[in-house]
Amino acid sequence: MSNFKPLTDLSVAKKESEIADYWDDNEILAKSIAIRDGKTPFVFYEGPPTANGKPGIHHVIARTLKDSVCRYKTMQGYQVKRKAGWDTHGLPVEIEVEKQLKLSNKQDIEAYGITEFNQKCRESVFSYEQQWREMTKRMGYSIDLDHPYVTLDNDYIESVWWILDQFFKQGLIYEGHKILPYCSRCGTGLASHEVAQGYKVIKSNTVVVKFKRKDAEEYFLVWTTTPWTLPSNVALTVNPQEVYLKVRQNEEIYYVSKTLSHKVLGEEFEVLEEIKGKDLEYVEYEQLMSFVKADKKAFFVTVGDYVTTEDGTGIVHTAPAFGEDDYNTGRRYNLPVLQPVDETGKFVTTPWQGSFVMDADLDIIKWLHGEGKLFKKEKMEHNYPHCWRCQTPLLYYAKPSWYIEVTKFKDKLVENNNRVEWYPDYVGEKRFGNWLENANDWALSRSRYWGTPLNIWRCGCGHTTSIGSRKELIENAVETLDQTTIELHRPFVDDIHIKCTKCGATMTRVKDVIDCWFDSGSMPFAQHHYPFENSENFDQLFPADFICEGIDQTRGWFYSLLVISTFVKGVAPYKRVLVNDLILDKDGHKMSKSKGNTVNPFELFDQYGADALRWYLLYVSPAWTPTKFDIEGLKEVQSKFFSTMRNVYAFFSLYANTDKLDPRTFFINYQDRPELDQWVLSKYNSLLKDVEMDLSVFDLTKAVRKIQEFVNEDLSNWYIRRSRRRFWGTELTDDKKAVYNTTYEILVGLAKLVAPFAPYISEELYRSLTDELSVHLADYPVANTQLIDSELETRMDLVRNLVGLGRAAREQVRIKVRQPVQQILIDGKYEQLIDYMLPLIQEELNVKAVVFAKDLSQYMNFSLKPNFKVAGSIFGPKVKSLGKALATLDAASVVLRLEAGETIALEVEGELLDLVKDYVITTIVAKEGFTMTVEDNLFVILDTTLTKELIDEGYAREYISKVQQMRKTNDYEMMDRIKIYFDGDEEIAQAVKLYEDYIKKETLADDIERINDASLEKQNLNGHETGLKLEKSS
RNA sequence: GGGGAAGUAACUCAGUUGGUAGAGUGGGGAUCUUAUAAAUAUCUGGUCGGUGGUUCGAGUCCAUCCUUCCCUACCA
């Protein structure tokens, strides 16, 4: 191949789609894994998205991170297997189907039929899968979609059962009550995100009630906002650390928190005793309402840290049936659960039998008043959750539920978490760490339909047992089952019974399914159908080296993975976790359908390209900060980075193809290449080093920003721009070979460098530049530190700064760069350093000579300031006085002496100090009368006197520029030869004559003719109106 | 209410161990071009959220308050 393909003009959408097809056709993912056979594995776990709902932009960011890291690690030489997964169970799926079928509660579902309902759930899941596949392919997320793990597969469920069986066998699964928000009208519990939607401010009656102490005529004062829960009271709870008062008021004796005593009792009361909360523990009292009988010991004081003294009385009414804290307290003290309310929210006993609990509040207050148990009542406004579907106030209900006793091995969780590397670290240490410290038991069961069935069977005799595999189920089943057709979902498993080993009776399965987070948390095992398959090589697939998900997974997947693996294997299932935050709209608001500020990723892919979107998301802010999505930023990335990359390639290929040159056929040794090449190679290799460092701590943002900076500033705007003439040369000199070598090497390197982040453009570039199959099979470039020359980089920076200053100086006096000037002066101390770079400065600034000024005082005034960093640590508080002392010195002479290495004695605060060069910073300011610019002690002085010669040359340069512009507007080819006609005054004509050869060479003109013709296009040459016309040579 | 993160130019963000605030975008007027719907330099622009403290010196460390976002929670 002697020809470098031009980049296609197809729309990004079309181009990227073609490349994606190319990857599929050539099985690039499979090959990238196959060629790393035997290499160190880098284990990655894909968090399964819920296949319920369309993929959005927030999915694109997480997957961009995952993909970039996996591609990077692959290119680094690791073997990175990537198995897709789908989370297919759970309430969100059920709700979706309920809506679709217009079912509004569980009764409806059961009437519709569980078989049919679950069939619909299964279909619903797969209807979204297609969109996810499309998005995955389109964004270039390289993952194996053809062999995914799916949580609804029998194999998957079997692995989950195996895990549950382990928990059960070790006695870590128990049945208890879970308090959950419950809509009594709909007859169903609500998930927390549903609860969050329905908060409303309501007014309710709050009461302070008197609970009589059993062994004395004394009363505990207790506040509640829900009088209807009082019949279920079984305990009072106080804070063990708080001080409580026993007081007398109006001949009655009360207990109340010291802090709140005035708020509750007013000012007039007599303090009888101060008691610490802890000392009230187990003090018994009489049941407030004796409508419900307790079957265990109850009605005594308990302690709990959650009790505060901000509201109420500091003594909390505790009804385990209706509150989470209450329920937990109940468990700690083994209290009974009194439940006089049925599933429709009505009292089944008590005088208020048949009425909805909240409607009974007033009657209950009347009853309390009548019994003399009411201390006071008041109305209060507060937030209360309502059912978002029917507006019924929700009740917090204790429902029987199965738990995993996480609290038993909480310490192990914390310990394992401490070994995980979190990016950023605070998510693991604080957010997740704190959460683990306070972890409660995991409520495992759900009284629903579409999920992994709980594998527990119960007998009438009270015996329970669990089943750990299909085989075990078949062997123990009363019914005859077929290994090949067995289906583990409801309702089929509900019909399977097993024989009780205790009493011989028939056991029935507990009807619940399990929390779908348990499904996804089991994936390290279940994705490989462990331990039924792959158990021999499991250690190679566990634990993950890397996972990456949104911050919302702290309580979700991160947690469920950790709990399950800690139990099963004793270690954390992941070594490194990269966490990403949300995507907000450009004003920093959360995207939501109701606000209408969401963005459709597919539209962005089509319009700007997946590469640009991926690059932008990485570029705009670090993964772990909320990303404000702004389309303008996306456009900027597209033009700044992607079009620059394409243009550099286009430039290179244009000349390589025109000259029929292939840089792979020759090689100039690095040390023989020009300074400019060595400089850009040094920059490039420094970049490789930096990128490797940033990526080692998953800071993709820094890496991407540095790459973009290099491409824009160093490669395009300096190296290529400065090297243009080297490409034009007709002879194949070593210099020309060098520029081709260098450009080619860097372009190929860049294609690889960029590949993990922008897989499409890198592929296009790489395949245009090489004969290889794919950039994603290549090795990631590694810095050649021998080519890094930081001193050279410094020198070039200096030159670039000087050039900038020179331009600024020209600007001051309005002499454009095309007008040559005689000379500039720069600081003599740089002579050694940049002597040989002078031609570069001359050309950039269009000056005839660069002069190093030796005696600066001729042009400059000096001032001296302390170098705080050095002097501050030595002189301490005296630096301020030092500053004043320095100001009094004759700066010009002091600078010379210090530069020469002399020490100067200086009196500061009556003490003599030895002043050396390091203690001061010299600043220079231009003296009046010089055209110069100064910045950071760098300066350029411009000699602005223009001789006749310079002015003529200026005309010539101007003349050339105009002709070149006209060539362009006339659409001439680059190599077309032309003839120039012009008219104009004598001054111009003379200059043209003088520089005729130069003009001809620059413009590829064979002939220049001065004519008189009014039809010529009028141009302004530095104030001289001149007509110009071009014509192609025949 | 609890936990976490953040607050720097009009906007998006850098700012390493404390050393006297920086880039891009935007806006203004210029320049340059045989790669660029481009580029180059330049001008414009800041009580580093507020207040205290430590220090010779604080965007950076400490305390406290304010604001925004996220997670979580009917704490009676």
Side-chain angles (χ1 to χ4, degrees), chain A residues 181 192 195-196 199 206 222-226 229 236-237 304 306-308 310-319 323-326 382-385 393-394 396 424 426-427 430-432 434-435 438 551-552 554-555 581-582 584 586 588-590 620-622 624-626 628 630 632-633 636 639-640 643-644 646-652 654-655 701-702 705 709 712 716-717 720-721 724 727-728 803-808 810-812 814 816-818 844 865-873 875-882 933 961 964-965 967-968 972-976 1002-1004:
Chain A
S192 58
V195 175
Y199 276 94
T206 72
V222 176
W223 181 62
T224 181
T225 57
T226 49
T229 60
L236 300 177
T237 307
Y306 65 89
V307 176
T308 67
E310 275 156 34
D311 298 305
T313 64
I315 305 173
V316 174
H317 145 61
T318 299
E324 179 116 39
D325 285 332
D326 302 32
H382 61 132
N383 262 323
Y384 197 85
L394 299 179
Y396 281 76
Y426 58 80
V427 172
K430 309 279 188 164
R431 199 169 174 144
F432 194 49
N434 290 348
W435 162 263
N438 301 316
I551 183 123
D552 50 321
T554 340
R555 271 81 162 165
D581 210 313
L582 290 176
L584 309 169
K586 74 187 180 75
H589 297 122
K590 197 174 176 176
V620 66
S621 58
W624 42 79
T625 57
K628 288 183 196 154
D630 186 1
E632 292 304 317
E636 190 185 321
S639 81
K640 279 236 159 192
S643 73
T644 307
R646 300 175 66 82
N647 277 317
V648 170
Y649 174 79
F651 177 84
F652 165 82
L654 174 68
Y655 287 100
T701 301
K702 271 194 179 146
R705 285 180 181 178
E709 162 115 2
N712 255 312
S716 173
N717 290 338
I720 297 289
R721 192 166 65 83
R724 276 177 299 185
F727 284 90
W728 305 339
V803 168
L805 289 172
R807 290 224 183 86
R810 277 178 166 277
E811 181 127 350
Q812 274 179 30
R814 303 264 157 190
K816 57 171 86 167
V817 178
R818 249 190 319 256
E844 275 292 310
K865 260 185 13 183
N867 181 344
F868 286 101
K869 189 167 185 173
V870 180
S873 58
F875 300 119
K878 288 185 200 136
V879 275
K880 280 180 181 162
S881 313
L882 175 67
T933 44
S961 164
Q964 302 291 27
Q965 279 175 32
R967 280 183 70 108
K968 208 169 189 177
Y972 290 175
E973 290 297 315
M974 194 177 79
M975 301 307 288
D976 286 342
E1002 288 292 312
T1003 60
L1004 298 186

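Quick caveat: nothing in here was measured; it's all calculated off a predicted structure. Below, chain A is the first sequence line, B the second, and so on; all start at residue 1.
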Asks: Which nucleotide, B:rA76, B:rC13, B:rA35, lies nearest any side-chain atom of A:Ser621?
Replies: B:rC13

Asks: Quick one: sort the A:Phe727 and A:Tyr655 rings into parallel, tilted or perpendicular, breaks at 30° and 60°.
Replies: tilted

Asks: Rounding to a whole Å, what distance do you find between A:Phe727:CZ and B:rU33:C1'?
Replies: 16 Å

Asks: Just to be sure I understand the rule, does A:Ser961 reach a base, reach only the sugar-phosphate, or reach nothing, if contact means heavy atoms closer than 4.0 Å?
Replies: sugar-phosphate

Asks: Between A:Arg705 and A:Lys702 (side chain of the first, backbone of the second, donor and acceptor by atom type, cut-off under 3.5 Å), is there such a pair?
Replies: no

Asks: What is the distance from CG of A:Asn712 to C1' of B:rA35, rounded to the nearest Å?
Replies: 14 Å

Asks: Taking CD1 from A:Ile551 and P from B:rU72, how many angstroms apart are they, rounded to a whole number?
Replies: 11 Å

Asks: Say you pick atom C1' in B:rA58 and the same atom in B:rG52; how far apart are they, in whole Å?
Replies: 13 Å

Asks: Select base, sugar-phosphate, or nothing to describe what A:Trp624 touches, counting heavy atoms under 4.0 Å on all strands.
Replies: nothing

Asks: Searching all strands shown, indicate the nucleotide that pairs with B:rA58 (Watson-Crick or G-U wobble; both distances under 3.5 Å).
Replies: none

Asks: To the nearest Å, how far apart are A:Asp630 CG and B:rC11 P?
Replies: 13 Å

Asks: Would you say A:Thr237 and A:Thr318 are linked by a side-chain donor-acceptor pair, where the criterion is simply a distance under 3.5 Å?
Replies: yes

Asks: Pick base, sugar-phosphate or nothing for A:Thr224, based on heavy-atom distances below 4.0 Å to the nucleic acid.
Replies: sugar-phosphate

Asks: For the P atoms, the ones on B:rU16 and on B:rU20, what distance do you get once it is rounded to whole angstrom?
Replies: 13 Å

Asks: Applying a 3.5 Å limit to both distances, which nucleotide forms a Watson-Crick or G-U wobble pair with B:rC48?
Replies: none

Asks: Using a 3.5 Å distance criterion without hydrogens, assess whether the side chain of A:Asn712 forms a donor-acceptor pair with backbone atoms of A:Thr644.
Replies: no

Asks: Output yes when at least one side-chain N/O atom of A:Lys628 is less than 4.0 Å from OP1 or OP2 of B:rU12, else no.
Replies: yes

Asks: So which nucleotide from B:rC71, B:rG4, B:rA35 ends up closest to the side chain of A:Arg431?
Replies: B:rC71

Asks: Over all strands shown, is A:Arg705 touching base, sugar-phosphate only, or nothing at heavy-atom distances under 4.0 angstrom?
Replies: sugar-phosphate

Asks: Checking contacts here: which listed nucleotide (B:rA5, B:rU40, B:rA14) is nearest the side-chain heavy atoms of A:Pro622?
Replies: B:rA14

Asks: As a test of reading the structure: which of B:rG24, B:rG4, B:rA35 is closest to the side chain of A:Glu636, going by heavy atoms?
Replies: B:rG24

Asks: If you check the A:Val620 side chain, which of B:rU12, B:rU40, B:rA76 turns out closest?
Replies: B:rU12

Asks: Please report the distance separating the P of B:rA5 from the corresponding atom of B:rC62, rounded so that it comes out in whole Å.
Replies: 12 Å

Asks: Describe the nucleic acid contact of A:Ile720 in one word from base, sugar-phosphate, nothing, applying a heavy-atom distance below 4.0 Å.
Replies: base

Asks: Could you state the CD-C1' distance from A:Glu844 to B:rU31, rounded to the nearest angstrom?
Replies: 12 Å

Asks: Establish, with yes or no, whether the OP1 or OP2 oxygen of B:rC71 is under 4.0 angstrom from a side-chain nitrogen or oxygen of A:Lys430.
Replies: no

Asks: Would you indicate, yes or no, if B:rG2 has its OP1 or OP2 atom less than 4.0 angstrom from a side-chain nitrogen or oxygen of A:Asn434?
Replies: no

Asks: Tell which nucleotide pairs with B:rA37, taking only Watson-Crick or G-U wobble pairs whose two distances are both under 3.5 angstrom.
Replies: none

Asks: Should B:rG1 form a Watson-Crick or G-U wobble pair with both distances under 3.5 Å, which nucleotide is its partner?
Replies: B:rU72

Asks: Counting only side-chain nitrogens and oxygens, does A:Arg818 get under 4.0 Å of the OP1 or OP2 atom of B:rU33?
Replies: yes

Asks: Rounding to an integer number of Å, can you tell me how far A:Asn717 CG sits from B:rA35 P?
Replies: 13 Å

Asks: Would you indicate what A:Arg721 reaches in the nucleic acid, counting non-hydrogen atoms under 4.0 angstrom: base, sugar-phosphate, or nothing?
Replies: base

Asks: For B:rA37, does the base pair up with any side-chain atom of A:Ser643 as donor and acceptor (N or O, under 3.5 Å, distance only)?
Replies: no

Asks: Does a side-chain N or O of A:Lys640 approach OP1 or OP2 of B:rA23 to a distance below 4.0 Å, or not?
Replies: no

Asks: Could you identify the nucleotide paired to B:rG27, looking across every strand shown and requiring Watson-Crick or G-U wobble geometry with both distances under 3.5 Å?
Replies: B:rC43

Asks: Atom NZ of A:Lys702 to atom C1' of B:rG15: distance rounded to whole Å?
Replies: 9 Å

Asks: State, with a plain yes or no, whether a side-chain heavy atom of A:Phe651 is found less than 4.5 Å away from one of A:Ile720.
Replies: yes

Asks: Report the nucleotide, chosen from B:rG15, B:rA76, B:rA35, that has the shortest atom-to-atom distance to any side-chain atom of A:His317.
Replies: B:rA76

Asks: Is the phosphate of B:rA35 approached by A:Tyr649 (side-chain N or O, under 4.0 Å from OP1 or OP2)?
Replies: no

Asks: Mind calculating the distance between CZ (A:Phe432) and P (B:rC71) to the nearest angstrom?
Replies: 17 Å

